[in-house]
2 protein chains.
Amino acid sequence: MTDTGKKKATIYDLSVLSGSSPSTVSAVLNGSWRKRRIKEATATLIQGLAVDHGYTANLQARGLRSSRSGLVGLLLPVYDNRYFSSMAQSFEAEVRSRGQCPVVVSACRDPEEERQVVETLISYSIDELFIAGATDPDGVHDVCEKAGLRHVNIDLPGTKAPSVISDNYGGARMLTQAIIERALADGPVPPEEIYLFGGRDDHASRERIRGFRDVKRAMLGGDPDACIRPTGYSPGMTARAFEAFYADHGKLPRGFFVNSSINLEGLMRFLAQHPHETFADIVVGCYDYDPFGSFLPFPVFMIRQDSEAMITKGFEILGTSRAPAVTHLVPPMLVPPRTALTGPLDALKDIE
Amino acid sequence: MTDTGKKKATIYDLSVLSGSSPSTVSAVLNGSWRKRRIKEATATLIQGLAVDHGYTANLQARGLRSSRSGLVGLLLPVYDNRYFSSMAQSFEAEVRSRGQCPVVVSACRDPEEERQVVETLISYSIDELFIAGATDPDGVHDVCEKAGLRHVNIDLPGTKAPSVISDNYGGARMLTQAIIERALADGPVPPEEIYLFGGRDDHASRERIRGFRDVKRAMLGGDPDACIRPTGYSPGMTARAFEAFYADHGKLPRGFFVNSSINLEGLMRFLAQHPHETFADIVVGCYDYDPFGSFLPFPVFMIRQDSEAMITKGFEILGTSRAPAVTHLVPPMLVPPRTALTGPLDALKDIE
DNA sequence: CTTTTTTGCACAATCGATGGTGCAATGAAT
DNA sequence: ATTCATTGCACCATCGATTGTGCAAAAAAG
């Protein structure tokens, strides 16, 4: 309130006001004053002035000088689904609790964009980077490496940096088994009635497909590759795959595994085009959890990936210097139909 | 590739390599070289060197000098729901297309946190700020004002800065009417069968409640205030409100208006505790769109708020200097049950 | 062949904070 | 009273880019 001017106070302003030198002011305000043997009285005086004048450090200047910024980056493919937005939420909380500033950016699954965005972050001297769901983790790694930026892959692994990912194979096995068991409860199920839709040629998709195939073969036999439809990640393409199946068979498969919640949106688009009653007897599994997806008018098993644990593990890895480029698996959780899990939002205010 | 070293090249490195002065290099690399009458040949030479050595400007240094950063901030209450994550997605795209760098941060609906986060952003000299869904927009305004930071409110209006918000009253009217008409299709509806759940004492909630009340009174009569349950925004509290109603009446209301998708999660928590069949005949309206919420096993009307238009309008306002602190309404859209809208994700790669 | 104009660039101050170094004043030890 | 150690702080170079200013050399005008 004492400060009526438009410009922000700097250490030089406080230096004049306090009669101390700028370096003394700096030391007091960044906490290194004990080490610099500043008198307690001097420190108190300056701190008081700082409060009065609403001083806040210019973090660009600090960053320039110290070539660190206090920023921690999270590179996301997209915001607009529950898995990644929930990850962003956990990330924010974790970074804040460490007294740093989270910066979340998305790169739209475009390898070139990924590298550019990271270049930009590096230009701001970010201290650490979480690379989540990158299309080209190793490409991003090279960029980080050159700048000496510590980084870790989340969700999709790279070969050149440590990675923390969901146990896609294990999760896919659980999910496939749940789908098939549920379908079997109503009578025999021929193998050609169990499908997988979505995903593309990335590590996660491959592992999920492998898990699906192994469990399906073990439980039902049949040609394991016949019923797999990798459509990419777009809802539009996924919907087309459902339409194609429907055109051929006059119905959807008895049970199917959907690679992600984004692909599950493709199912919604398909459903919007067809009367509801036709599909009362399908069993769906989705490798992602969404609280509304869990309550659709047919059984939907979901896999809830533990993004919070991944973030925590990521920080742990970044904490250990010279971490080897190994991949850590985080077990996901099978969520039965009609389940409302709590999420990071529940940690917020407004609860009482 | 030519650059094998660990440290990033600076204009001084290029200055030595090219035999020009640092200021010339700077001018060439930031595009102001024509204005500074640098020879085309010199420019080409330096640009070539820059590419060879993988030069990228240190944006902290640039920001320090020019007291602008190229950063545009978006302050969000939370990431973890479709409305805000979709807003973040649109925001990213828009900011990128303007050659700036988006920074998205969340403040968890905590007024103190909001101000602190904005202080931090200001310390990085961000150029513009979008304040979305702030609990205390005017408090944030004061902080921005003091720093001379251009800003605009989105979603929840303030009194001291221009605001762009959803037409909550109009949207609530549409939604309420849709709920009641749908309920009436199956027979008469007493006014005490139509409720509103969720929201708290903010502008959006008040307007929505007003719209609900006006339409309900006009269509059904009855005491307009008896059936309103403002539970705050948490899923947990919303679920409790449903439980309380259920304990009293042995069922849910025939039709009800849910204030937001976060509140709708509270309904899921309630449903998880009760057998599905009991609620086959409810009609729900939700002030927010969620692609999975639209396909729940009962009719769900939704309001899709046009976050993209709000962002665009926000930029337009920030573009006009000295914009007055007026509130702009963006009309939302009523989405009938079982509708799968396309979103920002559809603009991505991977479509073909 | 001068004088004027234009071209092309170098110089140096500056943004705000940091941290190594040096030095006066004070107190303790001899 | 002299020497030495400690305390408390000021000085200054530095981080990398931007930008106003000034001044040669080249080109145009006379």
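Letters A, B, ... are given to chains in the order of the sequence lines, protein chains preceding strands, and every chain is numbered from 1. Only a predicted model underlies this, so the values are computations on that prediction, with no experimental measurement involved.
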Open item on the list: Categorize B/S20 for me: base, sugar-phosphate, or nothing, with a 4.0 angstrom heavy-atom threshold over every strand shown.
Closed with: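 Sugar-phosphate, backbone atoms only, no base.
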Nucleotide of [options] approaching [X] most closely (side-chain heavy atoms):
X     : options                : answer
B/R36 : C/dA17, C/dT21, D/dT19 : D/dT19
B/I11 : D/dT18, C/dC9, D/dA10  : D/dT18
A/L64 : D/dT19, D/dA10, C/dG16 : C/dG16

Does [X] place a side-chain N or O at less than 4.0 Å from the phosphate oxygens OP1/OP2 of [N]?
X      : N      : value
B/T24  : C/dA10 : yes
B/T10  : D/dG16 : no
B/N58  : D/dC15 : no
B/Y124 : C/dG16 : no
A/T42  : D/dC9  : yes
A/Y12  : C/dT14 : no
B/S26  : D/dT18 : yes

Open item on the list: Consider side chain to side chain contact (heavy atoms under 4.5 Å, CB included). Of A/D142, A/V140, A/N153, which one does A/K160 pass it with?
Closed with: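 Single side chain to side chain contact (heavy atoms under 4.5 Å, CB included) partner of A/K160 among A/D142, A/V140, A/N153: A/D142.
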Task: A/S18: which of A/L45, A/T24, A/V28 passes side chain to side chain contact (heavy atoms under 4.5 Å, CB included) - done: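 That would be A/L45.
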Can you measure [X] atom [atom1] to [N] atom [atom2] for me and round it to whole angstrom units?
X     : N      : atom1 : atom2 : result
B/R37 : D/dA27 : CZ    : C1'   : 13 Å
A/Q60 : D/dT18 : CD    : C1'   : 13 Å
B/I38 : D/dT18 : CD1   : P     : 13 Å
A/K35 : C/dT21 : NZ    : P     : 14 Å
B/L14 : D/dA17 : CG    : C1'   : 12 Å
A/L59 : C/dG16 : CG    : P     : 13 Å

TODO: Mark yes or no for a side-chain to base donor-acceptor pair under 3.5 Å between A/S23 and D/dC11, with no hydrogen or angle criteria applied.
DONE: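 Present.
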TODO: Report yes if the side chains of B/V78 and B/Y233 come closer than 4.5 Å at any heavy-atom pair, otherwise no.
DONE: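 The answer is no, as the side chains (C-beta and beyond) never meet within the 4.5 Å cut-off.
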Task: Verdict with supporting geometry, B/R115 and B/E119, salt bridge (Lys or Arg N to Asp or Glu O under 4.0 Å) - done: CA-CA 6 Å; B/R115 261 172 276 122; B/E119 288 280 13; over 6 Å; no
